[in-house]
Chemist: 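Mind having a look at this structure? Questions to follow.
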Amino acid sequence: MPELPEVEVTRRALIPLVVGRRVQALHHRDPARYRGTELAAGRRVEAIRRRGKFLLFALSGGFELVVHLGMSGGFRLGPTAHTRVVLELEGVALYYHDPRRLGRFWVVPAGDYREVPLLLRLGPEPFDPAFSPDYLFARLRATRRPVKAVLLDQTVVAGVGNIYGDEALFRARVRPTRRGHRVTRREAGALVEGVRAVLEEAIAAGGSTLRDRSYRRVDGTIGYFQVQLSVYGRAGEPCPVCGTPIRRTVIQGRSAHYCPRCQR
DNA sequence: ATAGGCGCCTGTAAGC
DNA sequence: TGCTTACAGGCGCCTA
């Protein structure tokens with residue numbers, strides 16, 4: 001399911017349900033995927049933060065529950081056919097739904113992310129001033145990888161995934177296959193702006209629910225940003241700007257969509 | 001450094 | 001209809 005907007009929408013929905021409540025128990029049958037969860041029992045949830053695509057639940061007593069939703073994870077208010085973890089809190093239960101089981105939980109001492117190497121290596125948040133045109137330009141200039149691969153690299157910027165990567169490139173009018181070192185300073189600036197704009201709009205729309213309808217908000221409703229997607233999943237359809245058919249290609253083993261006329 | 005492939009998992013849609 | 005294949009919002013690891 002989730003890229004940064006879906007994770008952020010999840011975070012905002014969970015705050016009023018969870019913050020201030022004590023965790024009574026955390027049930028599951030997969031200690032390899034959901035690690036150290038016995039450490040959460042009896043602790044109060046003090047805050048929920050987000051870093052890239054990770055959710056960070058601050059627990060009383062100096063612990064933290066780190067959650068990564070993988071491709072199909074999400075929280076629901078009731079059980080589903082693919083409930084993998086049940087979080088029992090005072091007065092509420094949360095059901096972690098994850099058909100593909102690619103999501104992971106870790107309970108760790110607060111801020112101790114040695115078990116979550118990617119979290120340690122994450123690049124700047126997209127809305128942080130550190131994710132600046134100069135910064136992105138420098139990162140692009142240093143590599144021959146396709147620019148889309150650079151945007152998907154969580155150590156470059158945290159939270160961009162396959163959908164919003166394509167959309168940001170479309171807005172910046174840069175073709176996803178372009179090599180990093182051939183991106184101009186001006187284009188790097190447009191990419192920073194494109195990433196921020198698309199993420200912001202997607203958060204405001206409650207995230208994107210694609211054709212398979214697998215992404216749902218915590219209350220079970222869908223997100224509406226898919227109606228505003230310009231290129232993602234639209235191969236063969238006309239570009240919303242110039243009408244040229246959208247093309248699909250593969251970069252890093254993942255589909256990439258672009259307008260061959262608007263994006264050079 | 002980087003591309004390509006596979007693995008982790010399961011579900012759904014498309015193609016024959 | 002039934003079977004097979006491709007593909008899916010993520011990420012880590014291996015080989016060349």
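A, B, ... follow the sequence lines: proteins, then strands. Residue 1 opens every chain. All values below were derived from every heavy atom in this structure, side-chain atoms included, with hydrogens, water molecules and symmetry-related copies excluded.
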Chemist: Of the listed nucleotides (B:dC9, C:dC11, C:dA8), which one gets closest to any side-chain atom of A:S255?
Modeler: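 Closest of the options to the side chain of A:S255: C:dA8.
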
Chemist: Please work out whether the ring planes of A:Y96 and A:Y34 are parallel, tilted or perpendicular, with thresholds of 30° and 60°.
Modeler: perpendicular

Chemist: Using the C1' atom as the reference point in each nucleotide, state the distance between B:dC8 and C:dA8 in Å, no decimals.
Modeler: 14 Å

Chemist: Does A:G253 reach a base, just sugar-phosphate, or nothing at all? Heavy atoms under 4.0 Å.
Modeler: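 Touches nothing.
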
Chemist: Considering only NZ, NE, NH1 and NH2 on the basic side and carboxylate oxygens on the acidic side, decide whether A:E125 and A:R51 come within less than 4.0 Å.
Modeler: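 Judged by the 4.0 Å cut-off on N to carboxylate O distance, A:E125 and A:R51 do form a salt bridge.
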
Chemist: Answer yes or no: does a side-chain N or O of A:K53 lie under 4.0 Å from OP1 or OP2 of C:dG10?
Modeler: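 Result: yes.
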
Chemist: What orientation do A:H82 and A:H97 show, parallel under 30°, tilted 30 to 60°, or perpendicular over 60°?
Modeler: perpendicular

Chemist: Distance check: side-chain N/O of A:R254 vs OP1/OP2 of C:dG10, anything under 4.0 Å?
Modeler: yes

Chemist: Check whether any side-chain nitrogen or oxygen of A:R248 sits under 4.0 Å from OP1 or OP2 of C:dA8, and answer yes or no.
Modeler: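 Yes.
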
Chemist: Once you apply a heavy-atom cut-off of 4.0 Å, does A:R179 come out as touching a base, just sugar-phosphate, or nothing?
Modeler: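 The residue A:R179 makes sugar-phosphate contact but no base contact.
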
Chemist: Return no unless some side-chain N or O of A:T143 is found under 4.0 Å from OP1 or OP2 of B:dT2.
Modeler: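 For B:dT2, OP1/OP2 do have a side-chain N/O of A:T143 under 4.0 Å.
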
Chemist: Take atom P in C:dC7 and the same atom in B:dG5, then report the distance between them in whole Å.
Modeler: 13 Å

Chemist: Compare side-chain N and O positions of A:H68 against OP1 and OP2 of C:dC11 and report whether any pair is under 4.0 Å apart.
Modeler: yes

Chemist: Taking atom P in both C:dG9 and B:dA14, compute the distance separating them and give it to the nearest angstrom.
Modeler: 16 Å

Chemist: For A:S132 and A:D134, test the side chains for any donor-to-acceptor distance below 3.5 angstrom and give the result as yes or no.
Modeler: no

Chemist: Does a side chain donor of either A:Q252 or A:R145 reach within less than 3.5 Å of an acceptor in the other side chain?
Modeler: yes

Chemist: Checking contacts here: which listed nucleotide (B:dA3, C:dC11, C:dG9) is nearest the side-chain heavy atoms of A:L210?
Modeler: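 Closest nucleotide to the A:L210 side chain: C:dG9.
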
Chemist: Could you give the distance separating B:dC9 and C:dT5 at their P atoms, to the nearest angstrom?
Modeler: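 It works out to 22 Å between them.
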
Chemist: The side chain of A:L102 lies closest to which of these nucleotides: C:dC11, C:dG10, C:dG9?
Modeler: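 Output: C:dG10.
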
Chemist: It should be established whether A:H82 places a side-chain nitrogen or oxygen under 4.0 Å from OP1 or OP2 of nucleotide B:dG11.
Modeler: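 Answer yes for this pair, as a side-chain N or O of A:H82 is under 4.0 Å from OP1 or OP2.
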
Chemist: Look at all strands and tell whether A:Q154 reaches a base, only sugar-phosphate, or nothing, counting heavy atoms closer than 4.0 Å.
Modeler: sugar-phosphate

Chemist: Do A:R101 and B:dC9 have a side chain to base donor-acceptor pair shorter than 3.5 Å?
Modeler: no

Chemist: So A:P5, base contact, sugar-phosphate only, or nothing? Heavy-atom distance under 4.0 Å.
Modeler: nothing

Chemist: Could you please name the option among C:dC11, C:dG9, B:dT2 that lies closest to any side-chain atom of A:R145?
Modeler: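 Closest nucleotide among those given: B:dT2.
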
Chemist: Within the 4.0 Å heavy-atom criterion, would you say A:L152 contacts the bases, only the backbone, or no part of the nucleic acid?
Modeler: nothing

Chemist: Taking pairing as Watson-Crick or G-U wobble with both contacts under 3.5 Å, can you name the mate of C:dG2, or confirm there isn't one?
Modeler: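 By the stated definition (distances under 3.5 Å), B:dC16 pairs with C:dG2.
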
Chemist: Are any side-chain N or O atoms of A:D128 and backbone N or O atoms of A:F131, one a donor and one an acceptor, separated by less than 3.5 Å?
Modeler: no

